[in-house]
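Note that these values count all heavy atoms, side chains included, but never hydrogens, waters or copies made by symmetry. Here is the naming used below: chain letters follow the sequence lines, and residue numbers restart at 1 for every chain. Small disclaimer: the values here were computed from a predicted structure and weren't measured.
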There are 2 protein chains.
Amino acid sequence: MSLDSYDIALLAAIQQDATTPQHALGAQVNLSSAAVNRRLKKLAEEGVTRKTVSLVDPEQVGYPLTIITEVEVENERLDLLDAMKRSFLACPQVQQCYYVAGECDFVVIMVVQNMAQYTTLTRSLFFESNNVKRFKTLVSMSNVKVGLEVPLDAVAG
Amino acid sequence: MSLDSYDIALLAAIQQDATTPQHALGAQVNLSSAAVNRRLKKLAEEGVTRKTVSLVDPEQVGYPLTIITEVEVENERLDLLDAMKRSFLACPQVQQCYYVAGECDFVVIMVVQNMAQYTTLTRSLFFESNNVKRFKTLVSMSNVKVGLEVPLDAVAG
DNA sequence: TCTGAAAATGGACCTTT
DNA sequence: AAAGGTCCATTTTCAGA
């Protein structure tokens, strides 16, 4: 899909605050609210905007710990990797999982209630797969920046 | 702030889809739309919901590469660490940054347009600080799971 | 782009525990 | 008091002219 500078401006705005009314967005980018409406609808249909969500503060709902785990697998057979991916996808404590080139194979970011919960999870996610050579645990002491924003301000159409 | 099971159910719903109308949320949890409205407003005021945003697909706006960098610093002096944190916060390509205990010190997740852009960023973020002992670059081959959801379904109030 | 109908939000007010 | 429900005004969305 081709995006012009209006689309980029709208995306930049709604990825920071999706509650802004369309007429206000229109005022920012010099477009009528109807035009904004049409563009937002199309961006959603085309999948440029995946979904709109409210971000919940993990600390306030009992998940104060963020843990990053680097996982090195024993065997890179596709079916084994897929099984591991599926177990990460299915685990609600896993916020993110990346399959990476380089020394380790997976980088997994989790939020947990306490270290005991993490220990339990390592068992079900890493040991039970029988395909983890080793993993390294990094405990976040400070979540300096947490978001999923894509840089769009500088881009132009 | 104390959250009851209604709040948890609402949070679980809106962190997956914040476009659901309040009356529909109310139907799911057995509450009137006015009650849902009051609760959502309070959750936002108390900061339990940080903000509501649309998630943009990085690939569709020219940011196909996700890169994870582990940074080890030379000196852990607070003012130097703060300066580094600020440079990560200010960089739009940095989606996430965690200050971690363990071997490395920062884990940084970036989205970039191409490797050349990453190379440029390493210069400004890592070399110019004069406080990076070494860094390790992990290129994501597959973004298996990308989100910021907190596990709430099992929790009850 | 403008207009207007349908839908959603959010306040007022009253009732219940 | 705290929280729910109903009703209603205002705002927002969104399609057709």
Side-chain angles (χ1 to χ4, degrees), chain A residues 1-63 147-150 152-153 156-157, chain B residues 1-57 60-61 147-150 152-157:
Chain A
M1 182 188 175
S2 77
L3 305 170
D4 64 14
S5 60
Y6 288 119
D7 292 317
I8 298 294
L10 290 173
L11 290 170
I14 63 175
Q15 82 174 159
Q16 283 177 282
D17 182 1
T19 67
T20 315
Q22 294 168 357
H23 69 80
L25 293 172
Q28 285 175 35
V29 301
N30 280 331
L31 229 44
S32 71
S33 92
V36 172
N37 186 275
R38 274 191 297 269
R39 282 169 180 270
L40 292 183
K41 188 184 174 194
K42 188 168 185 201
L43 290 167
E45 282 170 355
E46 304 281 339
V48 180
T49 50
R50 290 212 168 291
K51 52 182 183 172
T52 111
V53 300
S54 291
L55 302 183
V56 174
D57 182 354
E59 290 193 22
Q60 297 210 45
V61 294
Y63 284 81
L148 293 174
E149 283 175 40
V150 182
L152 289 173
D153 308 292
Chain B
M1 181 189 177
S2 77
L3 304 171
D4 64 14
S5 60
Y6 287 120
D7 292 317
I8 297 294
L10 291 173
L11 290 170
I14 64 175
Q15 81 172 159
Q16 284 178 280
D17 183 2
T19 66
T20 315
Q22 294 168 355
H23 70 81
L25 294 172
Q28 285 174 34
V29 301
N30 278 335
L31 229 44
S32 72
S33 87
V36 171
N37 187 276
R38 278 190 292 264
R39 282 170 179 269
L40 292 183
K41 187 185 176 192
K42 190 169 185 201
L43 290 167
E45 282 170 356
E46 304 280 341
V48 181
T49 50
R50 290 213 168 289
K51 53 182 182 171
T52 110
V53 299
S54 290
L55 302 183
V56 175
D57 181 353
Q60 297 210 43
V61 293
L148 293 174
E149 284 172 40
V150 182
L152 288 174
D153 308 291
V155 186

To the nearest angstrom, how far is Leu40(B) atom CG from dG10(C) atom P? 9 Å

To the nearest Å, give me how far apart CD (Glu45(A)) and P (dC14(D)) are. 11 Å

Round to the nearest Å and state the distance from Leu10(B) atom CG to dA3(D) atom C1'. 14 Å

Flag side-chain contact, heavy atom, 4.5 Å: Arg39(A) against Asp4(A): yes

Could you go step by step and tell me if Leu3(A) and Leu43(A) meet the side chain to side chain contact (heavy atoms under 4.5 Å, CB included) rule? CA-CA 9 Å; Leu3(A) 305 170; Leu43(A) 290 167; 3.6 Å; yes

Without decimals, in angstroms, what is the distance between Asn37(B) CG and dT10(D) P? 17 Å

Measure from CG on Asn30(A) to C1' on dT1(C) and round the result to the nearest Å. 14 Å

Between Gln60(A) (side chain only) and Gly47(B) (backbone N and O only), is there a donor and an acceptor less than 3.5 Å apart? yes

Got Ile14(B) and Thr20(B) here, is their nearest side-chain heavy-atom distance under 4.5 Å? no

Counting side-chain heavy atoms from CB outward, which of dG4(D), dT9(C), dT12(D) is closest to Pro21(A)? dT12(D)

Is His23(A) close enough to dT11(D) that one of its side-chain N or O atoms is under 4.0 Å from OP1 or OP2 there? no

Taken to the nearest whole Å, CG/Leu3(B) to C1'/dA3(D) is 15 Å

Between dA8(C), dT13(D), dG16(D), spot the one nearest the side chain of Arg38(A), thanks. dG16(D)

Could you tell me the separation between the CG atom of Asp4(B) and the P atom of dA3(D), rounded to a whole number of Å? 9 Å

Checking dT13(D), dT9(C), dA3(D) against the side chain of Arg39(B) (C-beta onward), the nearest is dA3(D)

Categorize Ser32(B) for me: base, sugar-phosphate, or nothing, with a 4.0 angstrom heavy-atom threshold over every strand shown. base

When every non-hydrogen atom of Arg50(A) is compared with those of Asp57(B), the smallest separation belongs to NH2-OD2, 2.9 Å

Just how far, in rounded Å, is P of dC14(D) from NZ of Lys42(A)? 17 Å

Is any side-chain N or O of Lys41(B) closer than 4.0 Å to OP1 or OP2 of dG11(C)? yes

Have a look at Ala34(A) and say if it touches a base, only the backbone sugar-phosphate, or nothing, with a 4.0 Å heavy-atom cut-off. base

